[in-house]
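Throughout, a chain's letter reflects where its sequence line sits, starting with A, and its residues are numbered from 1. In this text the structure is predicted, and so the values were computed from the model without any measurement.
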There are 2 protein chains.
Amino acid sequence: MPEHGTGKNARPGHPRPSDPWKALADPTRRSILDLLRQRERTTGDLCGHFDMTRFAVMKHLAVLVEAELVVVERRGRERINHLNPLPLQRIVQRWIRPFEASSADKLLRLEGHLSKPQIKKAKKP
Amino acid sequence: MPEHGTGKNARPGHPRPSDPWKALADPTRRSILDLLRQRERTTGDLCGHFDMTRFAVMKHLAVLVEAELVVVERRGRERINHLNPLPLQRIVQRWIRPFEASSADKLLRLEGHLSKPQIKKAKKP
DNA sequence: GCCATATGTGACCATATGGTCACATGTATG
DNA sequence: CATACATGTGACCATATGGTCACATATGGC
């Protein structure tokens, strides 16, 4: 049930959410999310913040929408992009928290490897 | 000072960490981190868990190492891969926490837009 | 209706990426 | 030392991705 898998909810308007990690991988898209975190913005507004063309920004926006990180509201001839924080929260809960849980231990064990070669067996002369 | 890469510390051993988001983007690599979270593993051990060839897994491992998500310890003829939780923690602290901070408000405002189906007008024939 | 504005679509290109393989290196052990 | 095992390297290929553009489609105001 927690998995919105391939074929369960195949409603026309929501084909299937794509991997939010993929969407997050691009720094431009992360900047877009950052701008959207401040307030919702039209596509044109967003374009003003980047060096690339309007089309490139729109493509990034499309990726974010497919990952459900951005929700679109049509208002007249404008398109207003809203941040949807849910996928990020899901990532935190299903991915990052578990890593944090067991990290203190590993961190300590790691320091040994990071600083010294940790030779198990004495080298033969 | 003569040009030496991108300024800061271009030491031979540490070229510069690549974007951890990029490394996290691939599901195989996330699975590797998941396995490494349980315990450290050799490359061969990791390969056993995936359908692809050993080389593919090694490439993924290389990406993870460049992003400093994995630390390598050489032990004899084996290579032992350790998880390094620090980059993940950095992502959480510098990226995800700020989003969580302002999300409750946005969530409420979003609900209105999420429930409206956004019907597209029929195309002209 | 007409036109300017704002956004959408498809084609197109260069490069990055995931994946494969043949072959090279290193190391433990008989 | 020889050989098998574990890992490393480079070339190579197919596809995905980021980016561009020309052109098409709404929408609001006149």
Rounded to whole angstroms, how far apart are CD on Glu73(A) and P on dA6(C)? 17 Å
Using whole Å, report how far CG of Leu46(B) lies from C1' of dA6(D). 13 Å
For Arg74(B) and dT7(D), what is the distance between atoms CZ and C1' respectively, to the nearest whole Å? 7 Å
Nearest whole angstrom, please: distance from the P of dT27(C) to the CD of Glu78(B). 13 Å
Using a cut-off of strictly less than 4.0 Å between a heavy atom of the residue and any atom of DNA chain D, enumerate the qualifying residues of residues 25-33 of chain A by number. Asp26(A), Arg29(A)
How far does CG of Leu61(B) sit from CG of Leu69(B), to the nearest 0.5 angstrom? 11.0 Å
Taking all heavy atoms of Arg29(B) and all of Ala23(B), pick out the closest pair and write down the distance. NE-O, 2.7 Å
Selection residues 44-55 of chain B - residue pairs positive for salt bridge (Lys or Arg N to Asp or Glu O under 4.0 Å), sequence neighbours left out: Arg41(B)-Asp45(B)
Nucleotide N/O to protein N/O under 3.5 Å, stretch nucleotides 3-5 of chain D:
| unit_1 | atom_1 | unit_2 | atom_2 | d |
| --- | --- | --- | --- | --- |
| dC5(D) | O2 | Arg77(B) | NH1 | 3.3 |

Rounded to the nearest angstrom, tell me the gap between atom CG in Asp19(A) and atom P in dT17(C). 16 Å
Taking side chain to side chain donor-acceptor pair (under 3.5 Å) as the test, write out the residues that go with Thr42(B), two or more places apart. none
Sequence neighbours left out, what passes salt bridge (charged side-chain N to carboxylate O under 4.0 Å, His left out) with Arg30(A)? Give chain and number order. Asp19(B)
Quick check on dA6(D): is either OP1 or OP2 less than 4.0 Å from any side-chain nitrogen or oxygen of Arg79(B)? no
Nucleotide dG28(D), atom C1' - distance to CZ of Arg75(A) in whole Å: 15 Å
Shortest non-hydrogen contact between Arg74(A) and Val72(A), atoms and distance: CD-CG1, 3.8 Å
Measure across Pro87(B) and Glu68(B) and return the closest heavy-atom pair with its distance rounded to 0.1 Å. CG-O, 3.2 Å
Residues in residues 49-67 of chain A with a heavy atom under 4.0 Å of DNA chain C, by number, are Arg54(A), Phe55(A), Met58(A)
Of all residues at least two apart in sequence or in a different chain, which pass the side-chain contact (heavy atoms from CB on, under 4.5 Å) check with Ala56(B)? Met52(B), Thr53(B)
Pairs where residues 21-46 of chain B contributes a residue and the test ring pair (Phe, Tyr, Trp, His ring centres under 6.0 Å) is met, not counting sequence neighbours: Trp21(B)-Trp95(B)
Using 0.5 Å steps for rounding, measure from the CG atom of Leu46(A) to the CZ atom of Arg79(A). 9.0 Å
Listed once per pair and sorted, the ring pair (Phe, Tyr, Trp, His ring centres under 6.0 Å) pairs that draw on residues 22-72 of chain A, sequence neighbours left out: none
